[in-house]
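As structure tokens, the structure follows; a few thoughts come after it.
Quick caveat, the model's predicted, so the values are computed rather than measured. Sequence lines set the chain letters: A, B, ... in the order given, protein chains first and strands last, and positions in each chain run from 1.
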Number of protein chains: 2
Amino acid sequence: MNKIKTYKSDAYAAIHETMAGMYDAGVIDKKTMREFDEACLTPVHAFSATDIKALREREEVSQRVFALYMNVSKDSVSQWERGIKKPAGPTLKLLSLVKQKGLSAIT
Amino acid sequence: MNKIKTYKSDAYAAIHETMAGMYDAGVIDKKTMREFDEACLTPVHAFSATDIKALREREEVSQRVFALYMNVSKDSVSQWERGIKKPAGPTLKLLSLVKQKGLSAIT
DNA sequence: TTGCAATATAGGACTTGGTTCTATATATTC
DNA sequence: GAATATATAGAACCAAGTCCTATATTGCAA
């Protein structure tokens, strides 16, 4: 028998529908679908070298200050923007937060 | 990392908006804004294994869900809490955000 | 009872991000 | 000119994070 799921908010339902669409399209598997459905998190997208540079310049800070916000070295930021190193995991999460909410979100 | 000067983080958000507005209005220049940003960042303190476990349990989520928020694998969270791996850099920044503002701050 | 899913511990092997160092270049400011 | 801030460039090192498997426990449903 099918269980009717109820959602805490319209936003949750909206995200669920988005993720369900990704699942139907084969972009994510069923396990990932359950995880997103449960956690109701916004997906963390990738950042290219130019994306990062554009983001930093949008916030109008130097590499060094940007690095202070992210709690990484200034060299790392330079390497991200030149495509030498590609941020992943927690770093992508921080970049996503900055992109969505601005640097003040991670103060 | 360079040493980060300290100011109270809660006061920062409101002041930052004021300063940003002054910058937009041309009252202060970009250099002053950068220096202000640098001076007002809150320090990122270390997290012990038990600190992380206590933080996660305070937020009442499983290791798996906590990992989703941090955008790391569930194995990583398990290893943090057992002292096998010690989070640093961007990961510490995220943990600090969660400790100060709760999991909803990094949704 | 039996079976299944979720949670968490445990450990091994691998990849690569982040750090640190040095050198170079260009503005800008004193 | 000297000094400072910004950014590129490259090399070497370490460990965080990933992925994999195995084990154990709990709770729930058939």
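- For A/Arg56 and D/dA7, the shortest distance from a side-chain N or O to OP1 or OP2 is below 4.0 Å.
- The side chain of A/Ser73 contributes no N or O atom lying less than 4.0 Å from OP1 or OP2 of C/dT20.
- With a 4.5 Å cut-off on side-chain heavy atoms, B/Lys53 and B/Thr50 do not count as touching.
- Atom NZ in B/Lys53 sits about 13 Å away from atom P in C/dT7, given to the nearest Å.
- What separates CD of B/Glu81 from C1' of C/dA10 is a distance of 14 Å, to the nearest Å.
- Put simply, the residue from A/Ile106, A/Leu92, A/Leu103 that forms a side chain to side chain contact (heavy atoms under 4.5 Å, CB included) with A/Leu97 is A/Ile106.
- Between the CD1 atom of B/Ile52 and the P atom of C/dA8 there is a distance of 15 Å, given to the nearest Å.
- Side-chain nitrogen and oxygen atoms of B/Gln63 include at least one within less than 4.0 Å of the OP1 or OP2 phosphate oxygen of C/dT9.
- Taking atom CZ of B/Arg64 as the reference point, atom P of C/dA8 lies 10 Å away to the nearest angstrom.
- Contact annotation: B/Gln79 does not reach the phosphate of C/dT9 (side-chain N/O to OP1 or OP2, under 4.0 Å).
- To the nearest angstrom, C1' of D/dT21 lies 11 Å from NZ of B/Lys74.
- For the side chain to side chain contact (heavy atoms under 4.5 Å, CB included) with A/Asn71, the lone residue among B/Val44, B/Thr91, B/Leu94 that qualifies is B/Val44.
- Regarding B/Lys85, its NZ atom lies at a distance of 11 Å from the C1' atom of C/dT15, rounded to whole Å.
- For the pair B/Trp80 and D/dG17, the criterion of a side-chain N or O lying under 4.0 Å from OP1 or OP2 is met.
- Checking C/dT19, D/dA16, D/dT18 against the side-chain heavy atoms of B/Ser76 singles out D/dT18 as nearest.
- Spacing between atom CZ of B/Phe66 and atom C1' of C/dA6 amounts to 19 Å, rounded to whole angstrom units.
- Applying the 4.0 Å criterion to OP1 and OP2 of D/dG17, one finds that B/Thr91 has a side-chain N or O inside that range.
- When side chains are defined from C-beta on, A/Lys74 does not count as touching A/Val77, because their heavy atoms never get closer than 4.5 Å.
- The shortest distance between the side-chain N/O atoms of B/Ser78 and the OP1/OP2 oxygens of C/dT9 is below 4.0 Å.
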Exercise for review: Before giving the answer on side chain to side chain contact (heavy atoms under 4.5 Å, CB included), spell out for A/Met70 and B/Lys93 the whole-Å C-alpha distance, their side-chain angles and the decisive distance to 0.1 Å.
Suggested key: CA-CA 7 Å; A/Met70 305 285 292; B/Lys93 180 74 184 191; over 6 Å; no
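- Remark: P of C/dA13 and CG of B/Asp75 are 16 Å apart, rounded to the nearest angstrom.
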